[in-house]
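We name chains A, B, ... by the order of the sequence lines, and we start the count at 1 in each one. For clarity, every value in this text was computed on a predicted model and none was experimentally measured.
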Amino acid sequence: MTAPEQSEMPFAVVQGNPVLALPRDLYIPPDALEVFLETFEGPLDLLLYLIKRQNLDVLDIPIAEITRQYMGYIELMQEMRLELAAEYLVMAAMLAEIKSRMLLPRPAGNEDEEADPRAELIRRLQEYERYKQAAEDIEALPRLHRDVFQADVEAPERKVVQMLAEVTLKELLLAFREALQRSEMFAHHHIQRETLSVRQRMGEVLGRLKADEFTDFSTLFAPEEGRHGVVVTFLAVLELMKESLIEIVQAEPYAPIHVKAASASIADGDTALTTD
Amino acid sequence: MNAEQTKQIVEAALLAAGRPLNLDQLLAVFGDESVQPERDALRAALAALADDYEGRAIEIVQVASGWRVQVRAGLAEWVGRLWEERPTRYSRALLETLALVAYRQPITRGEIEDVRGVTVSTSIMKTLLEREWVRIVGHRDVPGRPALYGTTREFLDYFGLKSLDELPTLAELRDIDSLNVELPLDDPNSPHEVQAIEEPAALADNE
Amino acid sequence: MNAEQTKQIVEAALLAAGRPLNLDQLLAVFGDESVQPERDALRAALAALADDYEGRAIEIVQVASGWRVQVRAGLAEWVGRLWEERPTRYSRALLETLALVAYRQPITRGEIEDVRGVTVSTSIMKTLLEREWVRIVGHRDVPGRPALYGTTREFLDYFGLKSLDELPTLAELRDIDSLNVELPLDDPNSPHEVQAIEEPAALADNE
């Protein structure tokens with residue numbers, strides 16, 4: 001690729017005069033130019049560069065001149081086959097439009113009402129410039145791991161202790177209600193208040209029984225619980241039997257009754273009762 | 001570079017490194033050889049620092065890979081609390097599982113899954129068992145002999161219940177807001193709605 | 001517990017934590033409430049430590065999430081040599097995006113693009129989110145419900161700020177009409193006096 005020739009675009013400003021033509025003897029390697037062009041963060045950034053380079057005030061940009069320079073860069077970028085973001089072309093169109101509006105004579109007498117055609121562009125340039133500056137300010141802030149190093153001293157026994165989460169009963173019940181609503185368990189009212197204590201007792205009884213050892217049936221009952229407690233235990237035992245969770249044996253009538261947790265080997269004669 | 005500056009740079013390096021530094025690594029901090037202090041000057045700086053740290057929270061020790069600054073062992077009890085992890089909230093899946101165990105115990109995992117319509121992860125059962133809210137009370141006598149789960153006394157204690165009977169019936173559950181009168185669900189004095197994260201004693205005061 | 005012990009525990013915690021600690025976190029190190037010192041006692045301990053560190057290699061600074069002990073700025077040059085990796089350089093595109101989020105939060109990606117005049121790549125937003133400098137704080141109630149971004153405490157910590165108020169002042173916008181009355185334009189004092197307090201030499205790369 002040959003060095004680009006851009007007659008109108010100043011590559012430098014020498015003593016205030018823009019150097020429009022690339023001196024024939026100055027060769028800029030295409031790679032370097034590419035890097036240079038790629039440093040722009042978009043059309044606003046490029047425009048700001050063009051303005052700042054000539055020490056112009058953003059508020060009073062010579063639109064015709066800046067537009068010409070901008071178009072020069074766009075052509076150069078296209079010539080370099082840089083991937084040109086669509087935003088650059090949109091800006092080119094905007095500049096062209098402003099330029100043409102600047103050429104129109106303003107109606108005399110209502111200068112104030114007629115907005116400067118450059119106003120929107122100037123607003124955007126200023127807006128962008130202040131955040132560009134802000135980015136540079138942030139870049140200059142002392143930064144952790146670059147300018148600031150935090151003390152990090154070895155601690156004895158650095159073990160992580162996992163704390164336990166807390167739950168309220170209400171949360172638990174709300175979760176349950178939702179599960180029930182999904183499962184339509186509400187349709188069958190087969191769990192009543194009464195059976196809850198039976199179910200609790202089923203767990204308790206089952207927990208006391210072993211599969212390889214018989215337990216005396218009578219020891220399952222605690223007389224101090226009263227009649228109600230005995231009934232609950234009895235219902236629990238019946239329920240456990242129904243669910244084939246326990247085995248009950250009695251050698252002969254009136255002999256002591258023994259209970260053990262069901263195990264597969266003994267229960268082979270049984271039709272396995274799955275839960276309903 | 002004077003001894004004071006050398007000591008400051010050594011201290012800064014040791015405190016910030018987060019790992020032990022040997023003499024060579026400490027020297028490298030100073031830049032290339034022309035500006036590095038003598039090794040003896042470094043040793044002197046380390047000794048001076050050890051003196052400075054006398055009676056302070058930290059100490060300099062020499063370990064296999066070099067020198068390091070560490071918190072004195074006597075302060076371990078306090079510093080160790082820095083790494084107590086905040087509890088994560090329990091998932092809805094876990095709460096549903098727990099509720100099903102409470103209401104339908106003894107119950108197998110498969111039966112819980114039938115009601116919930118989704119699988120119950122092993123980690124949920126593990127958490128509930130570790131928390132000692134749930135225990136294995138037996139095995140159902142079907143192929144595979146699945147474990148039967150039930151709730152524990154700790155479960156009742158935690159939720160401030162004397163027995164499972166105190167849990168609302170399913171009918172009552174439909175209108176959970178009316179339960180407040182019967183159950184210690186919402187103590188107006190303790191804001192339970194915002195739950196709990198750091199409030200282990202929250203349920204105790206319901207009793 | 002006397003003031004000296006309190007100071008030692010505070011120092012040990014700050015040095016070992018590897019992150020800033022606020023008063024609550026420092027209090028928690030002491031154990032449960034019955035044994036925690038008064039907050040004023042903690043503040044006194046922090047002040048005493050700051051005095052101790054006078055003239056030493058480290059200092060205590062307050063950032064958004066609390067206090068941290070760090071190497072004094074003058075020693076960063078040496079300490080930086082401990083790590084072979086060069087500190088990450090962030091692109092201008094990323095820093096400009098970050099600046100817009102910091103100064104104009106909550107802000108959508110589209111609004112950032114409007115100001116910058118170019119699209120903001122997904123990878124930039126991803127990097128900012130992964131670094132935890134930026135987070136989604138909500139969604140704007142317009143079609144598509146675009147995410148609104150804001151900065152985090154980690155962002156402030158990272159840049160050594162206590163709050164967003166400490167960000168460098170944003171340049172003021174000048175009105176185009178002011179041009180006509182304020183001629184001549186070349187008053188060297190006027191346009192830039194409102195600029196950032198610390199003028200970085202960073203513009204150099206623009207020529």
- Item | Residue part contacting chain C, namely of B:A16, when any heavy atom lies under 4.5 Å | both
- Message: Using heavy-atom distances under 4.5 Å, tell me whether B:L21 contacts chain C through its side chain, its backbone, both, or neither.
- Response: side chain
- Residues of residues 53-86 of chain C under 4.5 Å from chain B (heavy atom pairs)? C:Y53, C:G55, C:R56, C:A57, C:I58, C:V71, C:L75, C:W78, C:V79, C:R81, C:L82, C:W83
- Task: Under 4.5 Å, heavy atom to heavy atom: which of residues 104-122 of chain C reach chain B? Give them by number, or say none.
- Result: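 Result: none.
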- Task: Please state whether the side chain, the backbone, both or neither of C:A13 comes within less than 4.5 Å of a heavy atom of chain B.
- Result: both
- Query: So with a 6.0 Å cut-off around CG of C:D141, is the heavy-atom count from everything else above 12?
  - Reply: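 Counting other residues, nucleotides and ligands, CG of C:D141 stays at 12 neighbours or fewer.
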- Message: Tell me whether the count of non-hydrogen atoms from other residues, nucleotides or ligands lying under 6.0 Å of CZ in B:R19 goes above 12.
- Response: yes
